[in-house]
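Notes follow once the structure below has been shown.
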Amino acid sequence: MGLETATYTDQEIYRRELERFFYSGHWCYVGLEAEVPKPGDFKRTAIGERSVIMTRAQDGEIHVVENVCAHRGMRFCRDEFGNKKDLICPYHQWNYDLKGNLIGVPFRRGIKQDGKVNGGMPADFKPEEHGLNKLKVAIRNGVVFASFDHEVEPLEEFLGPTILQYFDRLFDGRKLKILGYNKQRIPGNWKLMQENIKDPYHPGLLHTWFVTFGLWRADNKSELKMDEHFRHAAMISTRGGGGKADVTAGVTSFKEQMRLNDDRFLDVVVEPWWNGPTAVMMTLFPSVIIQQQVNSVSTRHIQPNGHDSFDFVWTHFGFEDDTPEMTQRRLRQANLFGPAGFVSADDGEVIEFSQEGFEQKPFHQTIAELGGRDCGHTDHMVTETLIRGMYNYWRQVMEK
Amino acid sequence: MNKTWIKLVPVTDVPSEDVIAVEANGHEIALYGIEGQVFASDNICTHGHARLCDGFLDGHEIECPLHQGKFDIRSGKALCEPLTEDLRTYPVKVEEGYVFIEV
């Protein structure tokens with residue numbers, strides 16, 4: 001399979017991707033319920049390039065509204081998190097409830113002066129017709145998704161049974177606890193992030209750290225699975241014993257003599273809910289990656305802001321019933337990830353350098369033929385089947 | 001706490017079926033004239049810090065000009081969104097042609 005480089009550099013293609021993947025027909029990640037635990041709590045986030053607000057209304061229900069005032073179109077909410085009784089655009093103080101309904105319009109009935117009333121909105125102005133744009137919301141075991149498309153299929157169907165099984169393995173209904181965030185802006189096309197986590201070829205080669213300390217090896221027991229459309233995927237792997245093995249013997253970066261100064265970092269404790277796999281990386285198309293790498297669990301939110309750039313927001317979490325030791329362990333292991341993570345710093349860089357290559361040679365074709373030219377479930381890591389699957393789906397939706 | 005009656009304005013200053021603002025001890029008070037009776041409340045809305053005397057009186061309900069929050073001025077009760085807090089009201093008496101409120 002050859003992939004046109006223009007896929008990553010063309011403005012027209014990028015606009016169409018926003019419309020067809022982020023703004024219609026798909027569920028996009030917005031956050032975790034645990035981020036807005038109390039009535040009045042809100043979080044500002046993004047779907048594609050559109051700013052949205054996730055709120056918890058007074059009745060405890062979660063809502064997602066577009067962060068654009070119905071009046072003069074201003075992106076009014078500037079706080080990332082907060083607790084408010086209502087939403088107010090500062091420009092003219094249009095006032096909305098936490099569900100996005102328009103409640104108050106300043107001087108709607110005009111201003112009294114010398115016994116007469118001046119101005120105001122026309123008598124037939126109906127506030128109920130001028131609320132914020134309300135998105136469709138789906139919540140599964142504490143994870144909140146939203147869609148601008150009210151005709152979108154149910155979330156469970158969108159994910160499909162295969163992916164849903166891995167989703168529910170991690171999000172099994174236990175209450176989540178937010179541990180913290182990493183944020184970075186990566187100067188590359190947003191699809192490169194999806195590809196990166198659909199690419200089991202690179203971890204053992206790019207991430208020398210993984211190989212050196214035995215967290216990932218190409219001969220790990222592994223499985224690659226997709227939904228029926230090939231848009232979502234799960235890379236499932238079970239860690240090998242560590243140390244030198246035949247497969248990695250030829251990799252020059254493998255340095256057996258290297259030791260960690262503080263090896264509490266690799267103090268992995270097997271958790272019952274794993275049911276075997278030590279790492280499951282889920283790519284939910286188009287907006288999020290859900291990670292379990294041993295004891296470190298997180299969501300990684302992809303927020304494109306141009307054909308050649310996206311914001312990448314990592315939410316590290318644990319579970320309310322974690323012991324303090326487990327929380328500490330999850331936090332320590334989170335040092336692998338994020339913009340400066342021992343492993344993930346590499347991904348940010350290669351995505352940037354890929355984009356540089358594409359901009360230089362926009363007529364080029366890249367190759368994704370490892371493991372064959374078709375797409376399907378696979379029980380090893382030496383394949384680019386998931387990348388082919390994603391582009392198979394991409395071409396159908398994009399009509400390219 | 002000691003309560004005292006404060007003398008405000010001649011009762012003829014209070015408009016009929018409307019509202020005016022007066023000052024009492026550096027504090028703005030809204031006076032409403034409804035069916036020959038006088039009612040008093042704080043003049044500043046509990047929501048958006050707007051002056052209720054610029055609002056619209058409809059029976060015993062005052063509507064804030066800013067965000068259309070409504071209070072019943074007999075009890076101060078907040079009647080609708082976006083209000084979350086009631087309004088303070090004051091006992092009123094009229095003596096020798098003047099309006100008094102008890103604070």
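Quick caveat, the model's predicted, so the values are computed rather than measured. Chain identifiers are assigned alphabetically (A, B, ...) following the order of the sequence lines, protein sequences preceding nucleic acid strands; residue numbering begins at 1 within each chain.
Two residues are said to be in side-chain contact when any heavy atoms from C-beta on lie closer than 4.5 Å; B:Asp54 and A:Phe107 fail this criterion. You'll find the side chain of A:Asn95 stays beyond 4.5 Å of the side chain of B:Glu81, heavy atoms only. Using a 4.5 Å cut-off on side-chain heavy atoms (C-beta onward), A:Ile103 and B:Gln68 make no contact.
Residue-environment remark: OH (A:Tyr91) stays at or below the threshold of 12 foreign heavy atoms within 6.0 Å. Few gaps surround CD on A:Glu320; more than 12 heavy atoms of other groups in view lie less than 6.0 Å from it. The number of heavy atoms from other shown groups lying within 6.0 Å of NZ (B:Lys93) is above 12. Counted within 6.0 Å of CD on A:Glu151, heavy atoms from surrounding residues, nucleotides or ligands total 12 or fewer; the atom is thus considered open. Other residues, nucleotides and ligands contribute at most 12 non-hydrogen atoms within 6.0 Å of the OH atom of B:Tyr98. Atom NZ of A:Lys85 has 12 or fewer neighbouring heavy atoms from other residues, nucleotides or ligands inside a 6.0 Å radius.
When heavy atoms are compared at a cutoff of 4.5 Å, B:Cys64 does not approach chain A at all. Only the side chain of A:Ile88 comes within less than 4.5 Å of a heavy atom in chain B; its backbone stays farther off.
Contact count against chain B (heavy-atom pairs under 4.5 Å) is highest for A:Arg109 among A:Arg109, A:Lys112, A:Gln93.
A donor-acceptor contact closer than 3.5 angstrom is absent between the side chains of A:Asp86 and B:His67.
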